[in-house]
**Student:** 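Right, I'll just put the structure down here and ask away after.
Source: prediction; values computed, not measured.
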Amino acid sequence: MKKMRLLRLFLLVAVLSFAALSTRAVIAQDKITINFKSHDYPPREKIDREIIAQFEKDNPNITVNYTIGPGDDSQYVPQILTALAGDAAPDMFNILTFLVPDLISSGAVAPLDSKAMGYASDKALTDLYLPGRLTDFTGADGKLYALPTEVGNYSLFVNGDLFKKAGLDPVKDAPKTWEDLLKIAPKLTVKDASGNITQRAFDFAYPLPNEIVGGGLAYGGMAYQLGGTYFNKDKTAATVNTAAWVKTYTFIRDYAKQFGGPALEPSSIGFYEGNVAMVISGAWYSEIIRQNNAKLMDSVTTAPFPRWAKEDGLVNDTGSLMYDYGIFVNSKADPKVQAAAWKLINALTSKPDRYYKEALLMQPRKALLDDKDVMGNSFATMFINDMVGNSFLPVFQNGGESGGIFDRALQRILLEGMDPQKSLDKANDEMTALLKSK
């Protein structure tokens, strides 16, 4: 009997030991690390990190390596694309929508997994969003590949103190049209004894190394106001050398010659330093101002993106073009990592009120616009009102390369003195070649 009891005890210990080893093996096997990369915007980063920290507490088997891309999108986007091409991309990443067709067609990104996110179906998830706001993230196969982390536009920031010093009212005298801008620019431009500009009324966002604001949304919006498009209906030929585009780029050239230009520091920096009276940017720019010159925010007001006057050929009474960012999952990531990434994406897109209140970033969920406490007296409400009817930055195959085409067109005009029509003819050829390339 004694031997039998010892034998049973031995077997029990063996079973328990094996179970413990098996449990440890399962736990070790289920340990997951997600490499997540996003573009550089400090207010977003703060919220992301807090949500990620809570996510890791709720999911102790998951670790998130969260890194921020270098500089602005001109640096960050090529880095992501290079990493994808070299099989070194993060498991999930946040990036501009105009790259969606390239990402999907190349097989670089995985379709959305609503069940991994905790939803009963795709419809249960998509019903949370404003109608049409997920179209840009949907492939030709009808599948959804990402969720928007930010949708936005550009409007006008005004330095009220500089307006008042010039005898102008920052609200009443903020330019409603591009012609209005030309009228008040002389009053807000200050030069030294040698004729050098020391204070600018306004300046466009030129393709400069330290410029944090992209000019494309403004230039494209100005052309769209005049009826300009990027390409024909079937996307076989570009249309960026038409009268609408020429008029836009001619205006930019003429304004730069008289009131500013790319030889001066980026206007987004000049504005928060207090020597540029107006600048075009997104609602998020207010946080950049606050970080660099908090006192200035007391005098800052915003106004709608200027329009062309009807007599100048206004066709679409809209503001700048709009943009969105989406958060994607790398299709080459391990399936378990992909599932965990979608779970994390759900956490990052389920608190639109936080991103709106704390970082002025709008995730287009119905609940956000229905939240009166959030929308009531928000600084960003003006931007939302200015979105009505606006066109989005176009999404098309190889669209990620289009920004360089427009930068080069502007540089030829401003730095080389090329005629706008000739420069845009060249840009149009480049765009058409881009549309035809596979």
**Student:** Do L424 and N428 come within less than 4.5 Å of each other through their side chains, counting heavy atoms only?
**Tutor:** no

**Student:** What is the minimum heavy-atom distance between N275 and T198, and which atoms define it?
**Tutor:** CB-O, 3.7 Å

**Student:** Any side-chain to backbone donor/acceptor pair from T239 onto T229? Under 3.5 Å, distance only.
**Tutor:** yes

**Student:** Under 3.5 Å, is there a donor-acceptor pair between the T177 and D180 side chains?
**Tutor:** yes

**Student:** Are side-chain heavy atoms of V171 and F163 found at a separation under 4.5 Å?
**Tutor:** no

**Student:** Measuring only between side-chain heavy atoms, which start at C-beta, is P175 closer than 4.5 Å to I184?
**Tutor:** yes

**Student:** Is K247 close enough and on-axis enough to W308, meaning under 6.0 Å and within 45°, for cation-pi?
**Tutor:** yes

**Student:** Of F251, Y219, Y230, which meets ring pair (Phe, Tyr, Trp, His ring centres under 6.0 Å) against W245?
**Tutor:** Y230

**Student:** Might you point out which heavy atoms bring V240 and A427 nearest each other, and give the distance in Å?
**Tutor:** CG2-C, 4.1 Å

**Student:** Would you say the side-chain atoms of Q421 and D425 include a donor-acceptor pair closer than 3.5 Å?
**Tutor:** yes

**Student:** Under 6.0 Å between the ring centres of Y154 and Y285?
**Tutor:** no

**Student:** Starting from the C-alpha separation in whole Å, work towards a yes-or-no answer on salt bridge (Lys or Arg N to Asp or Glu O under 4.0 Å) for R354 and E358.
**Tutor:** CA-CA 6 Å; R354 280 207 65 188; E358 300 171 36; 2.9 Å; yes

**Student:** Start with the C-alpha gap between E273 and N292, add the side-chain angles, then the distance that decides, and say whether side-chain contact (heavy atoms from CB on, under 4.5 Å) holds.
**Tutor:** CA-CA 8 Å; E273 288 181 345; N292 288 278; over 6 Å; no

**Student:** Give a yes/no verdict on a cation-pi contact between R133 and F392, requiring under 6.0 Å between NZ or CZ and the six-membered ring centre and an angle within 45° of the axis.
**Tutor:** yes

**Student:** Does the distance from a Lys or Arg side-chain N to an Asp or Glu carboxylate O, for K343 and D113, drop under 4.0 Å?
**Tutor:** no

**Student:** Side chains of Q258 and D254: any donor to acceptor distance under 3.5 Å?
**Tutor:** no

**Student:** Identify the heavy atoms of I327 and N94 that sit nearest to each other, and give their distance.
**Tutor:** N-OD1, 3.9 Å

**Student:** Hydrogens and angles aside, do S320 and N153 bring a side-chain donor and acceptor to less than 3.5 Å of each other?
**Tutor:** no

**Student:** Got P170 and L162 here, is their nearest side-chain heavy-atom distance under 4.5 Å?
**Tutor:** no

**Student:** Salt bridge (Lys or Arg N to Asp or Glu O under 4.0 Å), that's the test. Do K336 and D30 meet it? Break it down for me.
**Tutor:** CA-CA 8 Å; K336 289 184 179 179; D30 286 345; 3.7 Å; yes

**Student:** Report, as yes or no, whether the 6.0 Å neighbourhood of atom NZ on K165 holds more than 12 heavy atoms from other residues, nucleotides or ligands.
**Tutor:** no

**Student:** Hey, is the main chain of V64 close enough, under 3.5 Å, to the side chain of E56 for a donor-acceptor pair?
**Tutor:** yes

**Student:** To the closest 0.5 Å, what do you measure between CG (L226) and CG (L314)?
**Tutor:** 7.0 Å

**Student:** If the condition is side-chain hydrogen bond (donor to acceptor under 3.5 Å, both in side chains), which residues does K176 pass it with, not counting sequence neighbours?
**Tutor:** none

**Student:** Just how far is it from atom CZ of F328 to atom CG of D91, taken to the nearest 0.5 Å?
**Tutor:** 15.5 Å

**Student:** Taking the side chain as every heavy atom from C-beta outward, state whether E287 and Y41 have any atom pair closer than 4.5 Å.
**Tutor:** yes

**Student:** Quick one, K115 and W342 - any side-chain contact, counting heavy atoms below 4.5 Å?
**Tutor:** no

**Student:** Can you find a side-chain donor-acceptor pair between D48 and Y355 that sits under 3.5 Å?
**Tutor:** yes

**Student:** Using a 4.5 Å cut-off on heavy atoms from C-beta on, say whether the side chain of L181 contacts that of F202.
**Tutor:** yes

**Student:** Looking at CD1 of I289 and CG of N293, how far apart are the two atoms once the value is rounded to the nearest 0.5 Å?
**Tutor:** 8.5 Å

**Student:** For N232, is there any backbone N or O sitting under 3.5 Å from a side-chain donor or acceptor partner on T236?
**Tutor:** no

**Student:** Distance check, rounded to the nearest 0.5 Å: L344 atom CG versus N346 atom CG?
**Tutor:** 9.5 Å

**Student:** Do S299 side-chain atoms and N159 backbone N/O form a donor-acceptor pair below 3.5 Å?
**Tutor:** no

**Student:** Do you know the tightest heavy-atom contact between I104 and G139?
**Tutor:** CD1-CA, 3.7 Å

**Student:** Minimum heavy-atom separation for P148 and T349, please, with both atom names.
**Tutor:** O-CG2, 4.2 Å

**Student:** Of all the heavy-atom pairs spanning R412 and E430, show the shortest one and how long it is.
**Tutor:** NH1-OE2, 3.9 Å

**Student:** Given V109 and F93, is the side-chain contact (heavy atoms from CB on, under 4.5 Å) satisfied, shown in steps?
**Tutor:** CA-CA 10 Å; V109 292; F93 52 91; 3.8 Å; yes

**Student:** Run the side-chain hydrogen bond (donor to acceptor under 3.5 Å, both in side chains) test on D386 and S155 for me, step by step, so that the C-alpha distance in whole Å, both residues' side-chain angles and the decisive distance to 0.1 Å come before the verdict.
**Tutor:** CA-CA 8 Å; D386 207 23; S155 292; 3.2 Å; yes

**Student:** Are the aromatic ring centres of Y145 and F137 under 6.0 angstrom apart?
**Tutor:** no

**Student:** Side chains of T318 and Q225: does their closest heavy-atom pair fall under 4.5 Å?
**Tutor:** yes

**Student:** Could you give all pairs that pass the ring-ring contact (aromatic ring centres under 6.0 Å, His included) test and reach residues 101-120, with sequence neighbours left out?
**Tutor:** none

**Student:** Is a side-chain N or O of K235 found less than 3.5 angstrom from the main chain of L435, in a donor-acceptor match?
**Tutor:** no

**Student:** Can you confirm whether the side chains of S106 and D102 place a donor and an acceptor under 3.5 Å from each other?
**Tutor:** no

**Student:** Would you tell me whether S38 and E45 have side-chain atoms, one donor and one acceptor, within less than 3.5 Å of each other?
**Tutor:** no

**Student:** Is the backbone N or O of T97 less than 3.5 Å from a side-chain atom of D324, with the two atoms forming a donor-acceptor pair by type?
**Tutor:** no

**Student:** Parallel, tilted or perpendicular, judged at 30° and 60°: which one describes the rings of H39 and Y76?
**Tutor:** tilted

**Student:** Please check this pair: side chain of S437 against backbone of L434, looking for a donor-acceptor N/O pair closer than 3.5 Å.
**Tutor:** yes

**Student:** Show your working on side-chain contact (heavy atoms from CB on, under 4.5 Å) between M222 and F204 and close with a plain yes or no.
**Tutor:** CA-CA 12 Å; M222 292 170 72; F204 290 97; 3.8 Å; yes

**Student:** Between K46 and E50, does any NZ, NE, NH1 or NH2 come within less than 4.0 Å of an OD or OE carboxylate oxygen?
**Tutor:** yes

**Student:** Look at the side chain of Q199 and the backbone N and O of L188, then say whether any donor-acceptor pair between them is shorter than 3.5 Å.
**Tutor:** yes

**Student:** Quick one: pull up CE in M387 and CE in M382 and give me the separation to the nearest 0.5 Å.
**Tutor:** 9.5 Å

**Student:** Might you work through the side-chain contact (heavy atoms from CB on, under 4.5 Å) test for W284 and E150, ending with a clear yes or no?
**Tutor:** CA-CA 10 Å; W284 49 267; E150 174 186 349; 3.9 Å; yes

**Student:** I need the S350 OG to R365 CZ distance, nearest 0.5 Å.
**Tutor:** 4.5 Å

**Student:** Relative to each other, are the rings of F271 and F157 parallel, tilted or perpendicular (30° and 60° limits)?
**Tutor:** perpendicular

**Student:** Hey, is the main chain of T126 close enough, under 3.5 Å, to the side chain of D122 for a donor-acceptor pair?
**Tutor:** no

